[in-house]
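The block underneath contains the structure these notes are about, expressed in structure tokens.
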Amino acid sequence: MLTAPVLNYSLLAPILVVLGGALLGVLVEAFLSKAVRPAAQLAIALGTLVLSFAQIIRVRNLTSLTAAVNSVTIDGAGVFIQGTILVLAFIALLLIADQDNFAAQASAVPGSEEERSAIATGKIQTEIFPLTLFAVAGMMLFPLASDLITLFVALEVLSLPLYLMAGLSRRRRLLSQEAALKYFLLGAYSSAFFLFGAAFLYGFSGSLSLNGIAAAITGGQGNDVFLLIGIAFLSVGLLFKVGAVPFHSWTPDVYQGAPTPITAFMAACTKVAAFGATLRIFYVGLSAAQWEWKPIITVVAILTMAVGAIAAIAQRDVKRALAFSSIAHAGFLLTGVLALNKSGLSASLFYIVAYGFTTIGAFGIVTLVRDSAGEVTDLNRWIGLGKKSPFISGMFVLFLLSFAGIPLTSGFIGKFSLFNAAYETGNITVVVVGVLASAVAAFFYLRIVVMLFFTEPTNDSVTVVIPSIMTRFAITFCALVTVVLGVYPSLLLNTTQTFANFLK
Amino acid sequence: MTTSSNLVYLIALPLVSSALLILLGRKADKWGHLLATLVSATAFGIGVMEFLAMHTRTGAARAATQHLFSWISVGSFNVDASLLLDQLSICFVLLITGVGTLIHIYSIAYMSHDRDRRRFFAYLNLFIAAMLLLVLGDSYLNLYVGWEGVGLASYLLIGFWNQKPTYATAAKKAFVANRVGDVGLSLAIMIAFAQFGTVTFEGVKAGVPHASGAAITAIGAMLLLAAAGKSAQFPLQSWLGDAMAGPTPVSALIHAATMVTAGVYLITRSNYIFDASSTARLLVVIVGGITLIFGALIGTAKDDIKKALAASTMSQIGYMILASGLGPVGYAIAIMHLLTHGFFKAGMFLGAGSVMHGMDDEVNMRRFGGIGKLMPITFATFGLGYLAIIGVPPFAGFYSKDKIIEIAFNAGGTKGWILGGATLLGAAITAFYMTRLVVMTFTGSKRWDEKAHPHESPILMWLPMAVLAIGSVASGFFFNSGNSLVNWLAPVLNSRGVEGGAELMKPIVVSGLALAAVVIGVGIALTKYRSNVPIEAPEDVTIFTKLARKDLLQDSFNEAVLMRPGQKLTAGLVKTDTNVIDGLVRLVGAIFIGSATALRRIQNGYVRSYALIMVLGALALIAMIWVVTL
């Protein structure tokens with residue numbers, strides 16, 4: 001007799017709603033006429049996210065280990081991360097809604113007659129919306145998953161749509177397709193590492209669940225070699241997703257090639273989800289083996305901060321520069337993983353929110369700086385933009401200052417509380433490197449400020465296009481969050497403190 | 001401690017109104033001044049109601065607090081944005097909103113020809129909000145926000161007519177001098193936090209007995225520096241005279257009645273600090289004593305009616321500072337002089353404004369003369385203020401200044417004789433320059449241009465002057481009867497009556513001496529200036545007059561001692577910076593850029609290289625983990 005597993009649909013509702021919305025989007029893509037499709041897709045996507053967020057609000061204080069037969073854990077930190085992903089995805093969708101950025105027909109050969117006629121006749125596909133929702137669903141499952149199989153499934157659910165989305169840029173399509181292929185190949189490669197690590201951990205503990213692995217580590221039975229190899233390979237898979245050195249190489253290429261709104265979505269939401277899962281795995285599953293993995297994660301964190309900050313200096317493309325900046329931020333966030341206590345978790349939660357909004361805002365502005373051939377990402381052509389468009393440039397400066405961790409921005413509070421938590425646990429090396437890396441990164445951010453505002457503009461045709469109302473809202477909202485969390489951080493700090501707990 | 005939910009409106013209403021007037025721009029030109037005045041009057045109404053409510057409460061329940069929000073919460077550093085209305089702050093609330101409202105009303109008429117009247121009222125409301133925050137904050141940090149806010153409002157209003165470069169310069173000068181003081185306040189706050197771990201008044205007060213004497217003295221000295229900046233006391237006094245560039249109502253409200261007295265508030269509010277450090281107290285009386293003579297001397301030689309009044313303000317605040325430096329006997333007296341001064345000096349400034357209004361903005365007293373007959377109401381109200389400031393009984397200034405002279409003598413020993421002598425001398429000089437001012441302006445022969453047509457000001461202008469004149473007449477008697485103000489403030493200021501200390505002289509003798517000094521001062525001024533005032537200032541004057549005309553060389557002193565060495569120091573530092581520090585920075589930068597370029601080479605775009613890096617990375621991880629667990 002086969003007994004069906006008992007699922008707690010009420011607790012799983014936030015994820016199920018998003019999956020449902022994505023399926024609805026697929027149907028709409030197939031059956032609705034092209035005239036109403038973009039509006040309908042956008043409405044479905046945004047509505048789905050709102051509905052899902054409402055479910056989050058409903059379950060926010062509930063906890064459960066058995067919502068889906070021990071494979072999904074509902075707890076404070078998980079719910080907080082889910083909510084963060086939803087809000088960030090909502091803002092990113094407002095950028096994605098600007099269809100001008102995407103290939104009319106993904107299957108058309110770049111530069112072909114077919115492509116031109118598709119654009120001319122308005123035969124534009126809108127599969128980007130359901131793809132986004134599928135990715136969001138995976139991202140929401142990833143940080144809740146509490147066994148290795150579910151983790152892997154969630155990882156793939158969130159990754160596969162992203163591979164496609166990265167290749168959908170309307171302009172510079174070859175670069176975009178190259179990025180997508182690279183991302184796919186290396187992603188598959190890292191997934192193999194992840195699976196390999198999972199297999200070793202199963203071999204060590206005889207269990208796939210994080211709690212089972214934790215119990216096996218504490219129990220002291222099992223082959224330690226399996227455990228160590230398992231930890232190392234599992235880490236490779238996770239560190240690849242968060243973009244940590246030396247598994248970061250894909251990041252600049254993919255961030256540069258992908259359509260900018262997708263880059264914003266990846267940089268913010270993927271990183272949040274990946275860190276959510278990383279935090280859970282290390283806090284819940286592997287915390288008993290911390291003396292084994294802490295040194296290597298420390299080295300990775302230090303390398304990531306240093307390489308991210310230093311490599312950013314030499315970049316001449318704004319998207320690549322922001323990619324390296326996001327690598328440096330992954331390093332900062334790893335210090336939160338190392339803290340391994342409640343204040344570290346709380347600081348990490350604050351940091352991902354602060355980082356997410358600032359990132360989407362910064363990439364949002366990149367979508368606006370264009371010439372006749374589309375976005376201009378060459379930094380040298382941004383020189384003097386502050387004189388032409390002081391308001392947009394000012395906002396960009398705000399985001400850069402937040403990345404640099406200047407007071408009165410959310411970035412400062414985030415770094416401060418994160419380093420503070422790391423310092424409390426005695427991990428002083430990481431803090432010192434973190435502060436130094438911040439200083440190096442500040443050099444790079446301030447250089448852009450100087451370029452924008454204090455260098456005479458050359459005769460160049462770069463202009464800032466008038467943003468659509470949705471893009472305008474998205475950027476303004478991100479700027480607002482950046483400032484408000486910088487001036488009045490207790491607004492969020494109290495919440496992250498309440499939610500900073502993993503159910504074991 | 002009572003909690004109240006109304007305190008926030010005192011600050012919020014003028015703040016919102018100010019923002020509204022600025023944001024709406026010219027759209028609010030028609031009604032902006034009315035809204036601002038209404039808001040100020042409403043704040044006064046709230047103040048009166050709070051006062052009446054406080055009056056019915058007794059003991060510790062008199063003080064009211066309101067918690068607004070938790071402002072800063074970092075580790076052990078917690079600051080709440082909370083308001084505290086106690087017996088001391090209510091005095092200020094009523095003064096600020098009361099005099100403030102009168103001056104709003106006056107300004108409606110005074111500024112009626114100015115096309116930027118709305119902006120003027122927006123700044124006035126901003127000032128009211130900031131000043132109320134200053135006196136209502138329950139911690140030094142909250143006070144600091146208001147402190148900076150009034151500095152901003154003062155800067156904006158001094159430079160209100162910034163189309164004249166000299167006025168803009170005056171605003172800048174005030175701002176810079178104030179910054180020096182502000183550094184003092186921020187240092188005081190930092191020391192207090194380092195010592196006590198808190199910056200609330202209550203917390204600091206509780207911590208004082210356990211703190212080191214040196215720290216207390218340092219806090220006291222830094223608070224004094226702050227007070228000197230804001231209240232134009234020696235050695236940061238030089239900005240006040242130039243601040244008269246602002247419209248006259250501003251001079252009356254900010255640079256006479258309220259903002260410049262914030263230093264006195266700060267010192268009396270921090271009485272527990274000064275009670276614990278005799279050195280800090282000594283510094284305070286020295287600063288107060290020097291300034292009161294300094295200001296008075298400058299006042300004797302000024303021909304600009306507003307600058308003469310400004311010098312007088314400086315001198316009178318010197319009295320207050322001196323009184324507050326005398327410890328528990330002095331705090332309440334300082335506040336009493338502050339309040340009576342608020343009435344009579346604001347009244348006289350408005351009177352001066354009224355004269356200027358009738359004389360086409362002429363400020364040179366040598367071109368006035370005989371205006372009293374043509375502007376009887378202005379003359380009468382100004383005259384009452386005059387009688388109050390020189391200390392003729394029973395006018396307001398008599399009670400407060402007489403008390404200060406008395407406690408100065410009672411300070412004991414040589415110190416008592418020096419301080420008492422200084423206050424007495426100050427009283428004589430005050431009588432001299434104020435008589436000179438009144439005689440040159442209101443009596444004697446006409447010396448003005450044919451074109452000027454002095455006329456009495458409209459009711460909107462003379463009514464506030466009349467109200468303030470009533471205060472100049474009666475407030476001293478009211479505060480003094482039954483020691484009411486001293487007793488009222490006692491719970492906050494730890495103050496005791498004048499009778500508390502050892503007496504050097506009987507009070508009646510002190511009053512006699514003070515009156516004699518006044519008579520001498522008035523007498524000399526009358527004989528010198530009753531007639532024959534030359535239209536051009538005579539050049540064949542003594543060196544002392546020349547010095548006084550040049551503000552006792554305060555600007556030359558600042559230039560020689562501070563500005564030029566400062567410029568040299570800056571030039572030197574710039575050199576070091578470009579050669580040594582920037583050189584190092586460039587070197588570090590070059591190293592990083594070099595390594596960044598090297599990193600770029602690894603990032604070659606080939607998937608196979610990336611995959612190889614990943615494998616090597618994974619192997620490195622395993623190797624490391626192996627080494628760690630060995």
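Quick note on labels: first sequence line is chain A, next is B, and so on, each numbered from 1.
Contacts of Val307(A) with chain B are made by both backbone and side-chain atoms, with heavy-atom separations under 4.5 Å. Proximity to chain B involves both the backbone and the side chain of Ser190(A), based on heavy atoms less than 4.5 angstrom apart. Heavy-atom distances place the side chain of Leu185(A), and not its backbone, under 4.5 Å from chain B. Only the side chain of Phe193(A) comes within contact range of chain B, with heavy atoms under 4.5 Å apart. Heavy atoms of Leu181(A) lying under 4.5 Å from chain B are absent altogether. Looking at Val607(B), both its backbone and its side chain come within 4.5 Å of chain A, counting heavy atoms on both sides.
Summarising the local packing, OH of Tyr423(A) is surrounded by 12 or fewer heavy atoms from other residues, nucleotides or ligands at distances under 6.0 Å. The local environment of NZ in Lys342(A) is crowded, with over 12 non-hydrogen atoms from other residues, nucleotides or ligands closer than 6.0 Å. Residue Phe184(A) qualifies as open at atom CZ: its count of foreign heavy atoms under 6.0 Å is 12 or below. Sparse packing is recorded around CD of Glu202(B), with 12 or fewer heavy atoms of other residues, nucleotides or ligands lying under 6.0 Å away. Shown here is Phe196(A), whose CZ atom has no more than 12 heavy atoms of other residues, nucleotides or ligands within 6.0 Å. By the neighbour-count criterion of 12 heavy atoms within 6.0 Å, atom CZ of Arg316(A) is sparsely surrounded, having that number or fewer from other residues, nucleotides or ligands. The environment of CZ in Phe200(A) is crowded: more than 12 heavy-atom neighbours from other residues, nucleotides or ligands sit within 6.0 Å.
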Exercise. Would His248(A) and Met614(B) count as a side-chain contact (heavy atoms from CB on, under 4.5 Å) if you check the C-alpha gap in whole Å, the side-chain angles of each, and the deciding distance to 0.1 Å?
Worked result: CA-CA 9 Å; His248(A) 68 289; Met614(B) 281 176 66; over 6 Å; no
*asked:* Quick one, Val225(A) with Trp626(B), criterion side-chain contact (heavy atoms from CB on, under 4.5 Å). Give me CA distance, side-chain angles, the key distance, then yes/no.
replied: CA-CA 9 Å; Val225(A) 176; Trp626(B) 216 277; 3.8 Å; yes
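Listed here is the closest heavy atom pair of Ser249(A) and Ile613(B): OG-CD1, 4.1 Å. Shortest non-hydrogen contact noted between Ala596(B) and Ile313(A) is CB-CB, 4.3 Å. Minimum interatomic distance between Pro252(A) and Gln603(B) (heavy atoms only, all atoms of both residues): CG-NE2, 3.3 Å. Taking every heavy atom of both residues into account, Trp250(A) and Tyr610(B) meet most closely at N-CD1, 4.2 Å. Thr597(B) and Ala314(A) make their closest contact through N-CB, 4.2 Å (heavy atoms, listed as atom of the first residue, atom of the second, distance).
Using a 4.5 Å heavy-atom cutoff, the side chains of Leu621(B) and Phe247(A) are in contact. Residues Ile622(B) and Phe233(A) meet the side-chain proximity criterion, which asks for heavy atoms closer than 4.5 Å.
Rounding to the nearest 0.5 angstrom, the gap separating the CG atom in Leu491(A) from the OG atom in Ser70(B) is 11.0 Å. To the nearest 0.5 angstrom, Thr298(A) atom OG1 is 9.5 Å from Met624(B) atom CE.
Between the side chain of Lys182(A) and the main chain of Tyr606(B), no donor-acceptor pair closer than 3.5 Å is present. No donor-acceptor distance shorter than 3.5 angstrom exists from the side chain of Glu292(A) to the backbone of Ile625(B), with no hydrogens or angles considered.
Ranked by heavy-atom pairs shorter than 4.5 Å toward chain B, the options Val236(A), Asp253(A), Val300(A) are led by Asp253(A).
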